[in-house]
Amino acid sequence: SVPDADRWLRDERGAWAAHGYVNWGPVNVTAEYVLSEDFSAIEKFTAPGMGESPEAWQLEAAYTTQLFDREYIFAMAWQESEDALFLELPERRQSVGASTALDEKTTLGLEIWRDKDYGVKEGGTGDRSNNIGVLLTREF
């Protein structure tokens with residue numbers, strides 16, 4: 001049984017967060033890290049699947065280039081979480097993606113990612129999944 005993540009997210013909870021990025025011409029690298037405060041023994045007892053202190057990090061690299069008279073952004077990312085099963089985050093995600101502007105207010109993107117769930121001993125399934133998403137966004 002996994003705890004109610006909505007209830008946990010509504011409660012005030014202390015956390016540390018760090019975010020940084022670096023640009024080298026057409027290359028952009030972003031790193032993010034979030035660590036929640038430790039949970040009490042009572043919280044862990046009443047909410048199976050909740051670890052000591054949930055944390056997650058991400059490292060992403062993106063490259064912008066011109067192809068066929070259009071600007072494209074190609075990106076790849078690595079994400080991991082720990083003690084965050086109750087938030088329904090995968091333990092690990094690897095992804096690649098590409099996007100381009102179709103006009104001033106419309107963007108088309110494609111993303112492919114592979115998730116690895118937490119192991120059975122940790123309350124997860126241990127499964128891996130391959131996913132693909134097509135995103136069409138419009139500003140208004």
Side-chain angles (χ1 to χ4, degrees):
S1 165
V2 177
D4 181 4
D6 285 342
R7 185 183 65 77
W8 180 83
L9 290 170
R10 282 191 298 269
D11 292 341
E12 289 186 21
R13 173 90 39 207
W16 289 94
H19 172 88
Y21 66 94
V22 177
N23 288 316
W24 291 292
V27 177
N28 181 32
V29 177
T30 304
E32 299 171 303
Y33 177 78
V34 177
L35 172 65
S36 175
E37 69 183 15
D38 288 347
F39 292 105
S40 70
I42 292 173
E43 286 175 309
K44 287 185 276 188
F45 179 76
T46 60
M50 185 178 286
E52 288 294 319
S53 54
E55 64 181 291
W57 64 265
Q58 168 179 290
L59 182 62
E60 180 178 316
Y63 177 72
T64 304
T65 188
Q66 292 282 339
L67 292 173
F68 312 111
D69 297 326
R70 185 184 300 271
E71 183 177 270
Y72 287 86
I73 300 172
F74 297 96
M76 56 194 292
W78 186 285
Q79 302 162 344
E80 289 195 15
S81 69
E82 190 170 322
D83 293 333
L85 173 66
F86 72 102
L87 292 172
E88 299 180 8
L89 292 174
E91 184 175 38
R92 182 174 56 238
R93 173 175 286 175
Q94 300 144 326
S95 61
V96 295
S99 65
T100 188
L102 301 178
D103 62 33
E104 285 183 15
K105 295 187 176 196
T106 309
T107 303
L108 178 63
L110 173 70
E111 185 175 5
I112 301 169
W113 66 96
R114 179 176 175 91
D115 286 349
K116 179 191 172 290
D117 193 20
Y118 284 88
V120 174
K121 289 180 182 178
E122 299 165 296
T125 64
D127 290 343
R128 297 174 188 269
S129 65
N130 298 307
N131 308 276
I132 187 167
V134 177
L135 303 108
L136 181 63
T137 58
R138 176 79 177 161
E139 284 183 47
F140 53 92

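If you read the sequence from its start, that first residue is 1, and numbering goes on from there.
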Side-chain heavy atoms of [X] within contact of [Y], under 4.5 Å:
| X | Y | value |
| --- | --- | --- |
| E60 | N28 | no |
| F68 | T100 | no |
| W78 | W57 | yes |
| F140 | K105 | no |
| L110 | V96 | no |
| E139 | T107 | no |
| R92 | R128 | yes |
| L59 | V29 | yes |

Verdict with supporting geometry, D117 and L85, side chain to side chain contact (heavy atoms under 4.5 Å, CB included):
CA-CA 8 Å; D117 193 20; L85 173 66; 4.2 Å; yes
State yes or no: do [X] and [Y] share one hydrophobic cluster built from I, L, V, M, F, W and Y residues joined by side-chain heavy-atom distances below 4.5 Å, directly or via other members?
| X | Y | result |
| --- | --- | --- |
| I112 | L135 | no |
| L136 | I132 | yes |
| L102 | L67 | no |

Y118 side-chain N/O to A84 backbone N/O, donor-acceptor pair under 3.5 Å:
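Yes, the answer is positive, given that a donor and an acceptor are paired below the 3.5 Å cut-off.
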Please check if the side chain of Y63 supplies one atom and the backbone of Y72 the other of a donor-acceptor pair under 3.5 Å.
no
For Y21, I'd like to know if atom OH has over 12 heavy atoms of other residues, nucleotides or ligands within 6.0 Å.
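It does not: Y21 OH has 12 such atoms or fewer within range.
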Atom pair [atom1]/[atom2] of [X] and [Y] - distance to nearest 0.5 Å:
| X | Y | atom1 | atom2 | answer |
| --- | --- | --- | --- | --- |
| N131 | E111 | CG | CD | 9.0 Å |
| D115 | Q79 | CG | CD | 8.5 Å |
| S81 | Q58 | OG | CD | 12.0 Å |

Residue pair D103, R138: steps toward the side chain to side chain contact (heavy atoms under 4.5 Å, CB included) verdict
CA-CA 9 Å; D103 62 33; R138 176 79 177 161; 3.2 Å; yes
Scanning both residues in full, the closest heavy-atom pair of W113 with S95 reads CB-CB, 3.5 Å
Closest heavy-atom pair, E91 versus G119, reported as atoms and distance to 0.1 Å, is OE1-N, 4.5 Å
